[in-house]
Amino acid sequence: MNSATGKTEYLRITDLHSYYGESHILHGIDMKVDKGECVTLLGRNGSGRSTTLKSIMGLVGRRSGSIMLNGTEIINVPTHKIARHGVGFCPEERAIFSSLSTEENLTLAPIVASGGMTDDEIYEMFPNLKERRNSPGTKLSGGEQQMLAMARILRTGARLLLLDEITEGLAPVIVKKLGEIITELKKRGYTIVLVEQNFRFAAPLADRHYVLEHGEIIETISQDDLPTKMEWLQQTLGV
Amino acid sequence: MEIFGIPSALLGSQLLIGLINGSFYAILSLGLAIIFGLLNIINFSHGAMYMLGAFVAWIGLTYFEVGYWTSLLLAPVLVGLLGVVLERTMLKQLYKLDHLYGLLLTFGLALIIEGIFRDQFGVSGEGYAVPDALTGLIPLGFMNLPLYRGWVVIAALTVCFGTWYMIEKTKLGAYLRAGTENPQIVQALGINVPMLITFTYGFGVALAAFAGVLAAPVFQVNPLMGSNLIIVVFAVVVIGGMGSIMGSIVTGLGLGLIEGITKVIYPEASSIVVFAIMILVLLVRPAGLFGKS
Amino acid sequence: MNTTTNNDKNMRLVFGVLFLLGLVAPFVVYPTFLMKILCFGLFASAFNLLLGFVGLLSFGHAAFLGAAGYVCGLLVRDSGLSPELGILGGTLAAGFLGWVFGKLAIRRSGIYFAMITLALAQMVFFIVQQAPMTGGEDGLQGVPRGNLFGFIDLDDNMSMYYLVYAIFCAGFFVIYRTIHSPFGQILKAIRENQPRAISLGYDVDKFKLFAFVISAALSGLAGATKTLVFQLASLSDVHWHMSGEVVLMTLLGGLGTIFGPLVGAATIVTLQNELADKVGSWVTVIMGVIFVLCVLVFRRGIVGEIQALIRRSGIN
Amino acid sequence: SNNVVKVGVLTDMSGTYSDLSGQGAVVATKMAIDDFIANEKPNFKIEMVQADHQNKADIASNKAREWFERDGVDVATELVTTSVALAVMKVAKEKDRIALVNGTASATITNKECNDVTIHYTYDTYALANGTASALTKQGGKTWFFLTADYAFGKSLESEAAKVVTANGGKVLGSVNHPFPGTDFSSFLLKAQQSGAQVVGLANAGSDTTNAIKQAAEFGITPKQTLAGLLMFITDVHSLGLKATQGMYLTTGFYWDRNDDTRAWSRRFFEKQRKMPTMVQAGQYSSVYNYLKAVKAVNSDDTKKVMDYMKKTPINDFFAKNGRIQANGRMIHDMYLAQVKKPEEAKYPWDYYTIKATIPADQAFTPLKESTCALVKK
Amino acid sequence: MSQYILETHQLCKDFKGFTAVSDVNLKVRQGSIHALIGPNGAGKTTVFNLITKFLPATSGKIVFKGDDITHEPPAVTARRGFIRSFQISATFPHLTALENVRIGLQRKLGTEFQFWKSEKSLNCLNDEAIALLESVDLKSFVNTVTAEMPYGRKRALEIATTLALDPEMMLLDEPTQGMGQEDIARVVDLIRKVSANRTILMVEHNLSVVSNLCDRITVLTRGSILAEGTYDEVSQNPQVLEAYVGSNDMADAHH
Ligand SMILES: Nc1ncnc2c1ncn2[C@@H]1O[C@H](COP(=O)(O)OP(=O)(O)OP(=O)(O)O)[C@@H](O)[C@H]1O
Ligand SMILES: Nc1ncnc2c1ncn2[C@@H]1O[C@H](COP(=O)(O)OP(=O)(O)OP(=O)(O)O)[C@@H](O)[C@H]1O
Ligand SMILES: [Mg+2]
Ligand SMILES: [Mg+2]
């Protein structure tokens, strides 16, 4: 994936500033993700990683700068159209809908492009969901809800996945499983931006790491450089 | 035979009439509940929209020879479109603010709409005849039910349960329910939530207009016909549980019945029995009978 | 620190000028009209204490205005009490009614609070309409103004005006004081962050209830006084439209500002009075338009906008 | 005063009563003033001011005070709705000006609450209830059931009508109080139906009456039982249509199509207002015209002089036949019992009534000796 | 009286069928600094809400200094000297720092219902308030409107306001969340300073803070207690390592 040739740029963010009401959270983010790559956003609590993902989706109060998605500028595009451009977002809080059954939750998001996983494939990947198909979404366990949140964006044919802390609060077995899933997705050519606390989980999956602090990218570390930067990372993030 | 010292025939007929009035409450409160669910707005202009529905039917018949059955479709569509325009131009700006502002804006709109109609049509009201196909009485033994009233119940129940079905069992309904919980994420999944909101408001007021057309042959078509009703309908929505679809239908019908009984036992109190119930319910179940937390 | 003392000085100046204006006003403007403005100004200020400073929207404040008016009217007309006792009685009655409303509604917030107060007010309307001694829809007519303290003849419009003015100033002072008192500090804290206020050991419901009672009693003071001014109490004072009107006054003048409600009340009363001769049936439409404009473009209200203007020019 | 007579029309321009009074009353007043100037060539100027009291007694009282104190208005007129009329009467008394009450029905104005500056001109509850009830009972409508608006006005209509019914040998089988304002009357109508009474008396007004009539037709109550509107105006009939109202009895002080005089005046009114006048609007014209005549006759707008003149001068014009103002301020004149035509009987627009009987002035209104007014010497 | 200032017995909380807290028996020793840790969603904030009565418990009992306070209104519990902070900073945004602290101090004046008094009567509290602000290094912010203060400073202000009540026991929900390194150090010092004569129960994700400050640690997962002990004991517990850290070294969870 990292070969110098044949790379197509899929997402490019330039000088992104974001605000919640009065407070200025992101102070000029620049980053670039190629097609089929997996990158992570690292940083302390509150450093602005989730906000970066939300900014891409247009879920912050106000934003400026440029976000190019597969050659299209989306900085002023409304959220639902961004999703229709093929971006799948798995939010930190999972956001499973309690008034919808598991199945309704799963099929809620409209198909935005062909090539998404079929329901069978999904149920194969997450057998728990099949079992609990008819129970209300929020009656699922935390882990199951996380799977559901992942699954519902895999169905839609989105090619860029924004995953926020998907391993949070999950039992190690499930974390391991998610790791396998992401590897599989990478194989299928999905582009992934991963926000993770769990560095051990993220490190082997990512092609590149962006380190955020106070809403700015303070370091970019490619997978190859990781061993040499380990100590610095440990110092700044405590990982 | 007597129940509570009331002849059962009288009681039966009063209950039936209560059910008929309850049908109006049900459609109106259903519209309010849907709007409240997704927009978090107490639509104070709901009564005005009900009135508009009746007036569209009357104007249609008087000036354009549009009959009852056409109006039954046309009026909700036209009033729904007005709702869409109002939502797009005004309500839209208020979502980020306190709910209070939505209530105040729609209150102002109600004053404007009712004021204009009052100026144009006066207050005596206009007569609207029962459509020919629905004139006549059905002898029920204990009473003679006007055919039209029977039709009102059937039409209202059909619309209410149709709406309930749409919301509980269809994809669009799933969007609406999800949108009520977390509109941002629904939008992030690729659904046009602003449009959904506009649609919801339009649909909610279209329901009010539908009730208005149903009411036209029964009550005088009068610019103020909605403004007295609306307060009672608010009470119905609050009792049922704000935003609860089933709650507003069931409560609407139920309160119609209770009002009917009150009219037999102590008619003077029939206009406030709803408020008394509302206070009791809120003391015991703050979220209303069917409300969530 | 410096700015606050400056502010204090400015404030005192504003108060002083307004106070003098109020003293000379009846020589220029028609006194009954002024009295009406003062009554509604007090009513709206009392309402604003609740909405603007505690964040509670009551949609039933007409009940306090109206009930106090009826109680005062009955005391003066039928029980032959002196006007000051009538006003006192009306105020106390409204305060008590406020306590009852508050007990029932205070634990709910937002829309629910508004709806419960509305429902309770409808009950009051019903009672007033039905009760044998209120005169039903004819209203309570022919309330004598009587002699204040037994020797000041209130049938003289000027003496009546100065009584109303004194009552208004006292009521207004109570509101101003309440906002700027230890109690007002806690109210502010509750409005800003209710859970935090609870966690600091303040019994939030009690504070809200207390504020509600003060607001109700002052609304009652306004209503009782109004009854004496016009020598009548009528159903329209208890009708829910009146509850809507007071919201409009407050909103138009400036929610949460100290002078806003007074300005709003003056504007609305003037409009009603002036429009009454000119536009006929368009009065309600114009009220509606004002409502809509206030909500859409003019959210800070007249006084709020002026304050913002001053602040902006002060910075430049 | 200072050679100007100012007439203030205080009415409901936008509320419940705006159809029966409202703009039409203003138009009628203007006509009265213009006609008076044209016919009588007075040596004083006449001005008119108008205001909408929005059915709020405090607005009305405030306006009246302002008019009397500041603007030099000599007479406040129209004054529809009881609370407004009572409030303005009191102000007028205090300021020694005249109140000409037209729109209001309540009989308390010339009884308990009467004063010497007020004239109650067009009609009152007694006249309406009395006229309709006695005529119907005499015609054989012996059993009655009342549908009564649950407030003082409705109750006084009912009690006055009931008195007449029993006095004429009829019987009241029952009554039901409905909330005011109401929208659905079917429950109450069913009770009326079950009572089996020959006549259902509607002791209510405005939209309550119209809704009740409409629903009575729907439930098949009419034409089996007869409806009697105790307070109905031609505007109500107009808005309901003849189909719903046919056969109803009502009492009115004026019908436009009664004779050539009424027709002539009403057509002129119609030109301006596009509606035929109600009795209130016609009475408004008549009252203002006669007031101005009195001012001319005594050559002063002094309240006492004008009132004295008016009380001793009989009134006969297109509106009032055998008119006379009694000591209690009650203007008595002939009233008419009308029956609403069947749709097929109506030949032209507004052809609504057949006048069944004329109720002579001295029978139409409360006999003076029964008046509880303090001005009446017993 | 037992050595425990706060005890819960079989504390449970259901949210419509979802059990957020189940059978928690928490014991907090008088004078200790006690930490509550666990993965996100383990129920820590919910436990806080339960013991401060912001949420009613589904079942179970809460005992503070020997008194059963399970059914007491929250404000009453607070007046027992049992004060909490919030996960998201909880200040009064449009009041100045001084006024914020004064809201806390005002209670002991007993004038909180006196609407006829001037607010100037509160000025006697200013010196004490300023002293408190100084103690948390906020002297330069005395007249700043809170909304304009940086995030870390708001947390410090919150602690100052809590201290104004001189509480016997403080509950801190993630006091260092969203803070920079130096802010964290400052808050740790502050907590240590104020812990004299007080009991502190805190929720904290930052294990370096926990290891540094706390005497005892309770680990919560999925609503129930997994382990309890000193930092060393807990960090040796394989179950804790698996559930909370996801690796076999507690240090991995340090920030
Ligand atoms: N809705 C919001 N309104 C205001 N401020 C917010 C909002 N959401 C986040 N913030 C603030 O934005 C900053 C960045 O938050 P963000 O959620 O992006 O952090 P993060 O790096 O994802 O950290 P974590 O998820 O671990 O808390 C934080 O200081 C946070 O307080
Ligand atoms: N009001 C509520 N209604 C329904 N579920 C709730 C409610 N409050 C909390 N929960 C659920 O209870 C669980 C515990 O939440 P809690 O906030 O106590 O977690 P926490 O341990 O404080 O986590 P974090 O470290 O993320 O703050 C979560 O799954 C949460 O979704
Ligand atoms: Mg995050
Ligand atoms: Mg938490």
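Chain naming here is simple, since letters A, B, ... match the order of the sequence lines and numbering starts at 1 in each.
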Trainee: Counting only heavy atoms closer than 4.5 Å, note whether E:T77 contacts chain C via side chain, backbone, both or neither.
Mentor: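 Neither; nothing under 4.5 Å.
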Trainee: Could you tell me which non-hydrogen atom of E:E168 sits nearest to which non-hydrogen atom of E:R80, and how far apart they are?
Mentor: OE1-O, 4.2 Å
Trainee: Under 4.5 Å heavy-atom distance to chain C, tell me which part of E:P93 shows up: side chain, backbone, both or neither.
Mentor: both
Trainee: Which atoms of C:F173 are under 4.5 Å from chain E, going by heavy atoms: the side chain, the backbone, both sets, or neither?
Mentor: neither
Trainee: Could you check which of E:P73, E:A75, E:G81 has the highest count of heavy-atom pairs closer than 4.5 Å to chain C?
Mentor: E:A75
Trainee: C:F212 pairs by ring pair (Phe, Tyr, Trp, His ring centres under 6.0 Å) with which of C:F64, C:W99, C:F96?
Mentor: C:F64
Trainee: Would C:F259 and C:F15 count as a ring-ring contact (aromatic ring centres under 6.0 Å, His included) if you check the C-alpha gap in whole Å, the side-chain angles of each, and the deciding distance to 0.1 Å?
Mentor: CA-CA 10 Å; C:F259 290 115; C:F15 271 117; 5.3 Å; yes
Trainee: Tell me yes or no: between the side chains of E:T46 and E:K13, is some donor less than 3.5 Å from an acceptor?
Mentor: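 E:K13 and E:T46 do not have a side-chain donor-acceptor pair below 3.5 Å.
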Trainee: Are C:Y165 and C:F19 close enough that their ring centres sit under 6.0 Å apart?
Mentor: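 Under 6.0 Å, so yes.
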Trainee: For chain E, which candidate among C:I186, C:I214, C:L200 shows the most heavy-atom pairs at distances under 4.5 Å?
Mentor: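 Going by pairs under 4.5 Å, I would pick C:L200.
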Trainee: Using a cut-off of under 4.5 Å for heavy-atom pairs, which of C:A197, C:P195, C:A211 has the most such pairs with chain E?
Mentor: C:P195
Trainee: With a 4.5 angstrom heavy-atom cut-off, which part of C:Y202 approaches chain E: side chain, backbone, both or neither?
Mentor: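 Answer is both: backbone and side chain atoms of C:Y202 are under 4.5 Å from chain E.
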Trainee: For residues E:S32 and E:V28, report the shortest heavy-atom separation together with the two atoms involved.
Mentor: OG-CG1, 4.1 Å
Trainee: Out of E:I83, E:L165, E:L171, E:I103, which one racks up the most heavy-atom pairs below 4.5 Å with chain C?
Mentor: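 Ranked by heavy-atom pairs under 4.5 Å with chain C, first place is E:I103.
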